[in-house]
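Following: one structure in structure tokens, then a few remarks.
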There are 2 protein chains.
Amino acid sequence: MSPVATQDIEQARDAALAAADDLFYRRGTSAVSVVEIRDMSGVSLRRLYSMFPSKADLIGGWLTHRHETWMAWLETEVAQRTADGVAPVEAVFDSMTEWLKSSEFRGCAFINTHAETGELTAEHEELIRAHKRALIEFLATTTTRPNELAVIIDGAIVQAAVFKSTRPIESARACASALFGNEMRSAPME
Amino acid sequence: MSPVATQDIEQARDAALAAADDLFYRRGTSAVSVVEIRDMSGVSLRRLYSMFPSKADLIGGWLTHRHETWMAWLETEVAQRTADGVAPVEAVFDSMTEWLKSSEFRGCAFINTHAETGELTAEHEELIRAHKRALIEFLATTTTRPNELAVIIDGAIVQAAVFKSTRPIESARACASALFGNEMRSAPME
DNA sequence: CCATTGTGAGAACGATCATTCTCACAATGG
DNA sequence: CCATTGTGAGAATGATCGTTCTCACAATGG
């Protein structure tokens, strides 16, 4: 039927999503053209459009991919620190601090994309909300007051991006400290 | 020299900024064309470009205008409530809640514009930072811990926009309550 | 009344996009 | 070997933009 180079469909998809992740996150979805993603990924326009029938679909694929990798990253980071005896809330803040300090940090991809209403479809909105809901649910598994914590974290992410500084995360930590009291200052429950 | 209709330069500027405020805030700066601003404001392209030599300048003018009107709005709201005996921190949250509930609410114009890196010049970045700094300074005049409060507020604004809900502001209020204790629960100092 | 000058309306220009199409080729099935 | 079919490279298409330009007019100064 059609075995020609059909094997590397997965590779092509990975390459496309890797390029999308780099370019969309760094410059925003509307400022990046599909041709640029072709140039960076090496995946031809034809294949790109066969995998993602429109740019909106490509953005949707990117959001889904980014959600999975980012959540997995956070869960790993927090798990490692709590395994070392760090209290969960502290573990979350330590992980966040590391992210905010990284040179490629440009804020939350989902918040940023939400701000670009130009091409924000209903499907994208739902992906963004689902990400934020998932973060809150994850926080709920390790801490009390997940909603409050999520508000504090989003505020810190946004301000860190605007001010290009890690100081907002320290303000955020102070908020959490007031909120959680000694839930922050001890190992989980040993 | 050149009195022809030179009188209404100010009116034209106001009309242009009013249209920009409506369109840029609602749909984002990159999704709105200069022609759309002409159509809504009735100000001709020629005049638009004589007042703002480029779209970036128009965006800059809008950010400046929005900063002034928004800060003036907040200061008035907070002053009224504190005059009625409401504690400053509560007054800030009550004002915010009113804003988040308004039908045209679409998040913070400055955070949203910051997320649109496509056409974000150094001048725009500085206007955005200046706005956030000004908010913190205003909070410092009426409350202690302005940095922490600003983080909480930005988090609530972002989440309210994403979730189209006022619940995040209640989470934010709970954070502030933990942070400020009885500074929130009484009239200023009577 | 005439020369001048600022103006509005919108055409024109040049660039960029998202998306589709063409063409030549490579690999397969018979 | 040949017909077929999926493919890459990139040209073509049609739309949209930011910005500038043209042209005709309206109001002024002399």
Side-chain angles (χ1 to χ4, degrees), chain A residues 1-20 22-24 26-63 113 116-121 123-124, chain B residues 1-20 22-24 26-63 113 116-121 123-124:
Chain A
M1 280 216 169
S2 65
V4 178
T6 302
Q7 321 101 17
D8 45 19
I9 265 191
E10 219 164 311
Q11 289 175 38
R13 195 184 154 87
D14 289 350
L17 289 176
D22 185 318
L23 295 172
F24 283 160
R26 186 141 44 92
R27 317 222 317 270
T29 58
S30 49
V32 171
S33 74
V34 179
V35 168
E36 281 182 281
I37 287 178
R38 176 201 63 183
D39 291 344
M40 172 170 278
S41 66
V43 177
S44 73
L45 282 179
R46 188 191 256 264
R47 240 153 123 86
L48 232 28
Y49 274 92
S50 77
M51 296 187 295
F52 305 100
S54 73
K55 187 182 178 183
D57 292 314
L58 178 54
I59 294 171
W62 166 59
L63 289 173
T113 303
E116 292 189 43
T117 19
E119 47 205 302
L120 194 62
T121 68
E123 186 207 343
H124 295 165
Chain B
M1 279 216 169
S2 65
V4 177
T6 302
Q7 322 101 18
D8 45 21
I9 265 191
E10 220 163 310
Q11 290 175 38
R13 195 184 155 87
D14 289 350
L17 289 176
D22 185 317
L23 296 172
F24 283 160
R26 186 140 44 91
R27 318 222 317 269
T29 58
S30 49
V32 172
S33 73
V34 179
V35 168
E36 281 181 282
I37 289 179
R38 176 201 63 181
D39 291 345
M40 172 171 278
S41 67
V43 178
S44 72
L45 282 179
R46 187 191 258 263
R47 241 157 122 87
L48 231 28
Y49 274 91
S50 77
M51 296 186 296
F52 305 100
S54 73
K55 187 183 178 183
D57 291 314
L58 178 54
I59 294 171
W62 167 58
L63 288 174
T113 302
E116 292 188 47
T117 19
E119 49 205 300
L120 193 62
T121 68
E123 186 207 341
H124 295 165

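Just so it is clear: chains get the letters A, B, ... in the order the sequence lines come, proteins before strands, and each one is counted from 1. Note: hydrogens, waters and symmetry copies are ignored here, and every other heavy atom, side chains too, is used. Just so it is clear, the structure is predicted and the values come from calculations on it, not from any experiment.
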Side-chain contact test, heavy atoms from C-beta onward, threshold under 4.5 Å: evaluate it for A/Leu63 versus A/Phe24 and give yes or no. no
Can you tell me how far [atom2] of [N] sits from [atom1] of [X], to the nearest Å?
{"X": "B/Leu45", "N": "D/dG18", "atom1": "CG", "atom2": "C1'", "result": "10 Å"}
{"X": "B/Tyr49", "N": "D/dG18", "atom1": "OH", "atom2": "C1'", "result": "4 Å"}
{"X": "B/Glu116", "N": "D/dC17", "atom1": "CD", "atom2": "P", "result": "14 Å"}
{"X": "B/Asp39", "N": "D/dG18", "atom1": "CG", "atom2": "P", "result": "12 Å"}
{"X": "B/Ile9", "N": "C/dG8", "atom1": "CD1", "atom2": "C1'", "result": "15 Å"}
{"X": "A/Leu48", "N": "C/dC17", "atom1": "CG", "atom2": "P", "result": "15 Å"}
{"X": "B/Ile37", "N": "D/dG18", "atom1": "CD1", "atom2": "P", "result": "8 Å"}
{"X": "A/Arg38", "N": "C/dT19", "atom1": "CZ", "atom2": "C1'", "result": "13 Å"}

Which distance, rounded to the nearest 0.5 Å, do you find between the CD1 of B/Ile59 and the NE2 of B/His124? 5.0 Å
Would you indicate which nucleotide in [options] comes nearest to any side-chain atom of [X]?
{"X": "B/Arg47", "options": "D/dT19, C/dG8, C/dT20", "result": "C/dG8"}
{"X": "B/Arg46", "options": "D/dA9, C/dA18, D/dT22", "result": "D/dT22"}
{"X": "B/Lys55", "options": "D/dG18, C/dA9, D/dG10", "result": "D/dG18"}
{"X": "A/Ser33", "options": "C/dT19, C/dA18, D/dT20", "result": "C/dA18"}

Closest non-hydrogen atom pair, [X] against [Y]:
{"X": "A/Ser30", "Y": "B/Ser30", "value": "OG-OG, 3.9 Å"}
{"X": "B/Met51", "Y": "B/Val43", "value": "CE-CG1, 4.0 Å"}
{"X": "A/Val32", "Y": "A/Lys55", "value": "O-NZ, 2.7 Å"}
{"X": "B/Leu45", "Y": "B/Val34", "value": "CD2-CG1, 3.8 Å"}
{"X": "A/Ala16", "Y": "A/Phe52", "value": "CB-CE1, 4.4 Å"}

Could you check whether A/Val43 gets within reach of a base, just the sugar-phosphate, or nothing at all, counting any heavy atom under 4.0 Å? nothing
Dot-bracket for DNA chain C, 5' to 3', with Watson-Crick and G-U pairs under 3.5 Å, [ ] for crossing pairs and | for other-strand pairs: what is it? ||||||||||||||||||||||||||||||
